[in-house]
Amino acid sequence: MAQELKEWSQTHLAHEVSVTALGQYESGTTRPSGRVVTELSNALDVPAAFFAHPVTDTHDGFFRSTRRTPVAHQRHARALAHIARDLAGFETAEHTQPIPLPAPRAR
């Protein structure tokens with residue numbers, strides 16, 4: 001999700017952190033070491049704890065024209081929707097803590 005918020009491809013992220021097993025981490029086949037989590041955290045500008053939160057699958061959303069909307073933008077929008085859904089699920093303010101999100105890149 002953090003990768004999608006940055007609108008980075010898996011290849012770009014792998015280059016940033018010099019890791020080739022990103023697909024295995026995302027699928028749950030293998031778990032990243034503490035060093036890799038730290039590298040991912042630094043590269044993606046999120047705290048390491050960000051990776052401990054489970055991701056709940058939701059629908060793909062609706063776009064007026066998927067042909068005209070770049071895939072990276074669609075993924076970015078879905079990632080924001082996941083975060084909004086998670087935040088809406090908290091019942092009280094005591095459960096909420098600020099989570100720094102990557103700033104959108106300039107277009």
Next item on the list: Please identify each residue that fulfils ring pair (Phe, Tyr, Trp, His ring centres under 6.0 Å) with H12, with sequence neighbours left out.
Entry: W8
Notebook entry, point to check: How many angstroms lie between OG1 in T20 and CG in L22, if you round to the nearest 0.5 Å?
Noted result: 8.0 Å
Next item on the list: Give the minimum heavy-atom separation between Q3 and Q10, together with the two atoms involved.
Entry: NE2-N, 3.2 Å
Show me the donor-acceptor pairs within less than 3.5 Å that the side chains of residues 35-43 make with the rest of the protein, sequence neighbours left out.
residue: R35; atom: NH1; partner: E39; partner atom: OE2; Å: 2.2
residue: T38; atom: OG1; partner: G34; partner atom: O; Å: 3.0
residue: S41; atom: OG; partner: V46; partner atom: O; Å: 2.3
residue: S41; atom: OG; partner: A48; partner atom: N; Å: 3.3
residue: N42; atom: ND2; partner: T38; partner atom: O; Å: 3.3

Next item on the list: Identify the heavy atoms of F50 and A2 that sit nearest to each other, and give their distance.
Entry: CE2-CB, 3.5 Å
Notebook entry, point to check: Between atom OG1 of T29 and atom CD of Q24, what is the distance when rounded to the nearest 0.5 Å?
Noted result: 6.0 Å
Item checked: Any side-chain heavy-atom pair of L13 and K6 under 4.5 Å -> no
